[in-house]
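Here is the structure we will look at, set down as structure tokens.
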Amino acid sequence: MRDVKLRVPGGGHTVIPGTPVDQVGVEERAAHFATRSIKKGSKFDALTLAISMVDLTTLEGSDTPGKVRQMCSKARLPVSAAQWHEISAGKDLPEIPSVAAVCVYPKQVPIAAKALAGTNIEVAAVATAFPSGQFPRDLKLKDVKRTIELGATEIDMVIDRDAFLRGDYQAVFDEIVAVKEVCGHTHLKVILETGELQTYDKIRFASWLAMEAGADFIKTSTGKAAVNATPGNTLVMLQAIADYHAETGKMIGMKPAGGIRTAKQALQYLCMVRETLGPAWLTPDMFRFGASVLLNDLLRQIFKQVTGRYYHRQTFSLD
């Protein structure tokens, strides 16, 4: 790709670099992380850290208030106090943390906000015609405004892939700027839908464009595409964040979403974050996992660490 000059609000321009990405290098390095492991003495801490970074998600047409309330209950207390006391008795272990956020459709935001009142768990909501993004901009902005009014503390928006793939980068940039203006202090995660962007060059370019337009986080995927988060596309986005931070001093968060189902995968992603961005990004404020089934496997591995044996998957609630 080539560098592209875009207009910014208030006059002036910004240049989005079309830095080429070494595909072979990215895939070799990403494959290297798949071989990484964490020493047993640090594994409990890494697993609990991963839990604290989960955006526990349900984005189905069949979502009901009851399902959302149940998920919020699990978000607050992933393991019951009695269950944790039983397996950790006599061991000097901290409590299992709550997750970072619950992510739902706008209609379910009031249910989640009420269920999570008094906690530090964020209420994230997908907006801007998720997952397609195929709405006129005025309707997208109304969607964001109304979702925040309903109680969302974080907005996950999708970029206009139609405009991006046509090369109308100004339209994509302007829309993110407009959404961020509506969000104000509400955190904005910009979903690139990397599986539809076709090349690492375009993923890096879209990452930089989103950050320059005001994204607080960049996110790989909706979880609804054929290809969602992969080590390769995540690594490209993490490196873009590192380079953007080096140039501007701004710390932008990262959220891989879709397809991360096991604790082993989650720990490999944490290694990738640490080695690409450094320990300052290893907090729920700067890194999240968009996931639904991941939480249970993290819990299962924690129970294995504590007791030395695997528990049946149905030991944990199926949310």
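Just so it is clear, the values below take in all heavy atoms, side chains as well, and ignore hydrogens, waters and symmetry mates. Everything numeric here is computed off the predicted structure, so don't read it as measured data.
- Glu181 pairs by the side chain to side chain donor-acceptor pair (under 3.5 Å) definition with nothing, not counting sequence neighbours.
- Using a cut-off of 4.0 Å between Lys/Arg side-chain N and Asp/Glu carboxylate O, Lys219 and Glu193 are scored as not salt-bridged.
- For Gln265 and Thr262, the side-chain atoms include at least one donor-acceptor pair closer than 3.5 Å.
- Asn120 CG: 12 or fewer foreign heavy atoms inside a 6.0 Å radius.
- Residues passing the ring-ring contact (aromatic ring centres under 6.0 Å, His included) test with Phe173, sequence neighbours excluded: none.
- For Tyr244, the ring-ring contact (aromatic ring centres under 6.0 Å, His included) partners are Trp208, not counting sequence neighbours.
- No donor-acceptor distance shorter than 3.5 angstrom exists from the side chain of Arg137 to the backbone of Val179, with no hydrogens or angles considered.
- Leu56 has its side chain out of reach of Ile121: every pair of non-hydrogen atoms, C-beta onward, lies at least 4.5 Å apart.
- For residues 181-201, no residue pair satisfies the ring pair (Phe, Tyr, Trp, His ring centres under 6.0 Å) rule, not counting sequence neighbours.
- Counting non-hydrogen atoms of other residues, nucleotides and ligands closer than 6.0 Å to NZ of Lys91 gives a total above 12.
- Between Ile176 and Met157 the shortest side-chain heavy-atom distance falls below 4.5 Å.
- Lys224 pairs by the salt bridge (Lys or Arg N to Asp or Glu O under 4.0 Å) definition with Glu60, not counting sequence neighbours.
- In this structure, Asn228 and Gly258 approach most closely via the heavy-atom pair CB-O, 3.5 Å.
- Using modelled atom types and a 3.5 Å distance limit, the side chains of Asn233 and Thr230 yield a donor-acceptor pair.
- Sorted by first then second residue, the salt bridge (charged side-chain N to carboxylate O under 4.0 Å, His left out) pairs that include residues 232-258, not counting sequence neighbours, are Asp55-Lys255, Asp156-Lys255, Arg204-Asp243.
- A pairwise comparison of heavy atoms in Pro78 and Leu299 identifies O-CD1, 3.7 Å as the closest pair.
- Residues passing the side chain to side chain contact (heavy atoms under 4.5 Å, CB included) test with Lys114, sequence neighbours excluded: none.
- For Met286, the side chain to side chain contact (heavy atoms under 4.5 Å, CB included) partners are Met251, Trp281, Thr283, not counting sequence neighbours.
- Side chain of Thr276 to backbone of Val273: no donor-acceptor contact under 3.5 angstrom is found.
- Within the 4.5 Å cutoff, the side chain of Lys142 has no heavy atoms near those of the Arg146 side chain.
- Considering only heavy atoms from C-beta on, Thr222 comes within 4.5 Å of Val158 through its side chain.
- The salt bridge (Lys or Arg N to Asp or Glu O under 4.0 Å) test applied to Arg69 returns no partner, not counting sequence neighbours.
- Nearest approach of Ala125 to Thr147, heavy atoms of both residues: CB-CG2, 3.4 Å.
- Val54 and Ala291 make their closest contact through CG1-O, 4.5 Å (heavy atoms, listed as atom of the first residue, atom of the second, distance).
- Between the side chain of Arg288 and the backbone N or O of Ala101 there is no donor-acceptor pair closer than 3.5 Å.
- With rounding to the nearest 0.5 Å, the separation of OG in Ser98 from CG in Leu77 is 9.0 Å.
- For the residue pair Val104 and Val102, the shortest heavy atom distance occurs at CG1-CG1, 3.8 Å.
- Every ring-ring contact (aromatic ring centres under 6.0 Å, His included) that Phe287 has, sequence neighbours left out, goes to Phe289.
- Using a 4.5 Å heavy-atom threshold, the side chains of Phe135 and Asp143 count as separate.
- Sorted by first and then second residue, the side chain to side chain donor-acceptor pair (under 3.5 Å) pairs with a member in residues 159-171 read Arg161-Glu196, Asp162-Arg166, Gln170-Asp174; sequence neighbours excluded.
- The closest donor-acceptor contact from the side chain of Asp216 to the backbone of Leu188 lies under 3.5 Å.
- Within the structure, the ring pair (Phe, Tyr, Trp, His ring centres under 6.0 Å) test picks out no pair touching residues 34-67 (sequence neighbours left out).
- Side chains of Lys5 and Thr14: a donor-acceptor N/O pair is absent below 3.5 angstrom, by distance only.
- A donor atom on one side chain and an acceptor atom on the other are not found under 3.5 Å apart for Gln301 and Gln305.
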